[in-house]
Amino acid sequence: MKYETMIKMLMYLLQKRKITARELAEKYDVSVRSIYRYVEELIISGVPIDIERGRYGGLTIADTYRLPTGYFTRDEYTATINALDAMASQISDENVIAAREKLESRQKYERGEMSICGNIIVDGGTWGDGKKFTEKMQVCEQAVNECRSLVIEYISREGKMSRRTIDPHVLIYKQNIWYVYAFCHSKRGFRTFKVGRIRYAAFTDKTFEKKKFTRDDIDLNFYYNVEELVDVTFRIEKNSLPDAEEWLGIDIIEPCGDAFEAHASLPDDDMLVNKILSYGGAVTVTAPKELKEKVAYTAKKIAEQYK
């Protein structure tokens with residue numbers, strides 16, 4: 001009985017996205033205390049349910065959450081829809097028709113799950129992330145297109161978690177990373193959020209009117225000030241040219257003798273050193289001297305660990 005109720009609760013939450021514990025208690029004829037206990041077990045199992053206390057609170061499931069791909073196979077979807085079609089032809093029940101429409105829309109969603117903007121496939125997540133990144137992208141894209149506010153939980157570069165309400169205005173793609181440019185209600189101004197750092201995202205019941213802005217209004221250096229950037233000159237071996245082009249872009253790389261040379265302004269941090277070392281010597285720094293020394297020092301430390 002308990003697990004049957006939990007499954008029904010999950011399905012109902014996926015349908016409604018937000019509901020109060022009292023409503024669930026009345027629907028499934030259990031106590032409010034039991035509802036909260038069931039919700040805690042669902043959270044422990046990995047379902048992203050947010051509990052908001054207070055007068056306007058409730059239970060909210062992240063709009064980025066979907067049932068695992070494969071919950072229904074394509075053949076199972078088709079068989080179920082056909083069965084509901086046959087049932088609907090025999091009886092006039094609005095619930096049967098509604099169930100069929102929901103399954104059909106879900107089947108279409110499964111087929112296009114990795115798609116954004118119609119003809120573009122986006123998978124900017126890490127290997128084995130279970131398409132979670134794509135789901136976040138879809139929510140952000142929908143919020144931009146429909147002018148819908150989002151509640152997000154965001155992990156900063158320093159590891160701090162904050163909860164914010166944002167109005168997404170545009171998606172930005174730079175250096176193989178997706179960002180959302182949004183008006184942040186808590187900061188009362190525009191901020192750029194890295195999609196990969198959004199842990200939780202859910203639609204609110206509010207819409208917004210887009211504020212006017214131009215491309216020049218967006219600081220495309222994102223988290224870095226001009227003072228934090230360093231002008232770097234690289235020597236690139238031929239065998240690493242394709243990888244270097246994907247990292248730096250083809251426009252700043254030119255032939256130089258039997259190799260190639262590139263000039264770029266990049267964030268001066270540990271990630272830059274690690275990126276350079278990842279090429280195993282095929283991409284080397286020729287200037288500035290300080291960065292060359294930092295790369296050499298880090299490489300020496302790594303080598304000592306393998307003695």
Side-chain angles (χ1 to χ4, degrees), residues 1-72 76-77 80-81 84 87 93-107 109-110 113 129-136 138-140 142-143 146 148-155 160-168 185-186 197-207:
M1 177 65 180
K2 168 186 171 182
Y3 293 107
E4 182 181 348
T5 302
M6 287 173 62
I7 291 173
K8 289 179 179 178
M9 280 174 49
L10 175 58
M11 295 301 181
Y12 196 63
L13 266 170
L14 285 168
Q15 177 185 345
K16 297 293 186 180
R17 291 293 166 179
K18 184 174 183 178
I19 195 171
T20 65
R22 185 167 297 280
E23 288 177 272
L24 285 175
E26 292 174 356
K27 182 175 179 63
Y28 298 112
D29 196 24
V30 296
S31 67
V32 172
R33 188 174 180 179
S34 294
I35 292 295
Y36 279 117
R37 190 169 65 249
Y38 295 165
V39 167
E40 291 294 340
E41 291 194 34
L42 286 170
I43 292 173
I44 291 171
S45 69
V47 180
I49 300 174
D50 188 49
I51 302 174
E52 296 181 54
R53 307 286 181 178
R55 182 178 178 184
Y56 299 104
L59 306 172
T60 307
I61 191 166
D63 286 283
T64 53
Y65 182 76
R66 300 286 185 273
L67 289 175
T69 303
Y71 188 83
F72 276 120
E76 288 171 340
Y77 268 124
T80 304
I81 290 172
L84 289 172
M87 187 181 296
D93 190 329
E94 292 183 358
N95 291 325
V96 173
I97 297 172
R100 187 207 178 282
E101 290 175 349
K102 287 174 184 175
L103 273 176
E104 187 173 35
S105 66
R106 176 62 190 173
Q107 185 183 34
Y109 172 83
E110 293 282 2
E113 193 167 36
D129 73 350
K131 300 183 181 178
K132 292 179 182 178
F133 179 87
T134 304
E135 290 164 357
K136 287 188 288 188
Q138 287 174 332
V139 169
C140 290
Q142 186 176 347
E146 299 176 4
R148 296 176 65 183
S149 298
L150 292 177
V151 173
I152 65 171
E153 287 183 359
Y154 191 75
I155 309 298
K160 296 180 180 178
M161 193 278 286
S162 61
R163 184 182 179 84
R164 308 183 185 211
T165 299
I166 63 172
D167 300 336
H185 287 235
S186 60
R197 289 193 169 277
I198 297 175
R199 185 170 69 178
Y200 170 96
F203 292 109
T204 69
D205 56 358
K206 296 181 180 179
T207 58

Once rounded to the nearest 0.5 Å, what's the spacing between atom [atom1] of [X] and atom [atom2] of [Y]?
X: Ser34; Y: Asp29; atom1: OG; atom2: CG; answer: 10.5 Å
X: Arg163; Y: Arg199; atom1: CZ; atom2: CZ; answer: 10.5 Å
X: Tyr38; Y: Leu10; atom1: OH; atom2: CG; answer: 14.5 Å
X: Leu24; Y: Tyr12; atom1: CG; atom2: OH; answer: 7.5 Å
X: Phe203; Y: Lys18; atom1: CZ; atom2: NZ; answer: 14.5 Å
X: Ile49; Y: Thr60; atom1: CD1; atom2: OG1; answer: 9.5 Å

Closest non-hydrogen atom pair between [X] and [Y], with its separation:
X: Pro168; Y: Cys140; answer: CB-O, 4.5 Å
X: Asp50; Y: Tyr200; answer: CB-OH, 3.3 Å
X: Ile198; Y: Lys136; answer: O-NZ, 2.7 Å
X: Arg148; Y: Thr204; answer: NH2-O, 4.4 Å
X: Ala21; Y: Leu59; answer: CA-CD1, 4.1 Å
X: Ile35; Y: Met9; answer: CD1-SD, 3.7 Å

Checklist entry - Which is it for Leu150 and Thr165 under the side chain to side chain contact (heavy atoms under 4.5 Å, CB included) test, yes or no, and what are the steps along the way? => result CA-CA 6 Å; Leu150 292 177; Thr165 299; over 6 Å; no

Checklist entry - Can you check side chain to side chain donor-acceptor pair (under 3.5 Å) on Ser162 and Arg164, steps first, answer last? => result CA-CA 6 Å; Ser162 61; Arg164 308 183 185 211; 3.0 Å; yes

Checklist entry - Hey, is the main chain of Thr20 close enough, under 3.5 Å, to the side chain of Glu23 for a donor-acceptor pair? => result yes

Checklist entry - For Ile51 and Glu40, what are the C-alpha separation, side-chain angles and deciding distance, and is it a side chain to side chain contact (heavy atoms under 4.5 Å, CB included)? => result CA-CA 10 Å; Ile51 302 174; Glu40 291 294 340; 3.7 Å; yes

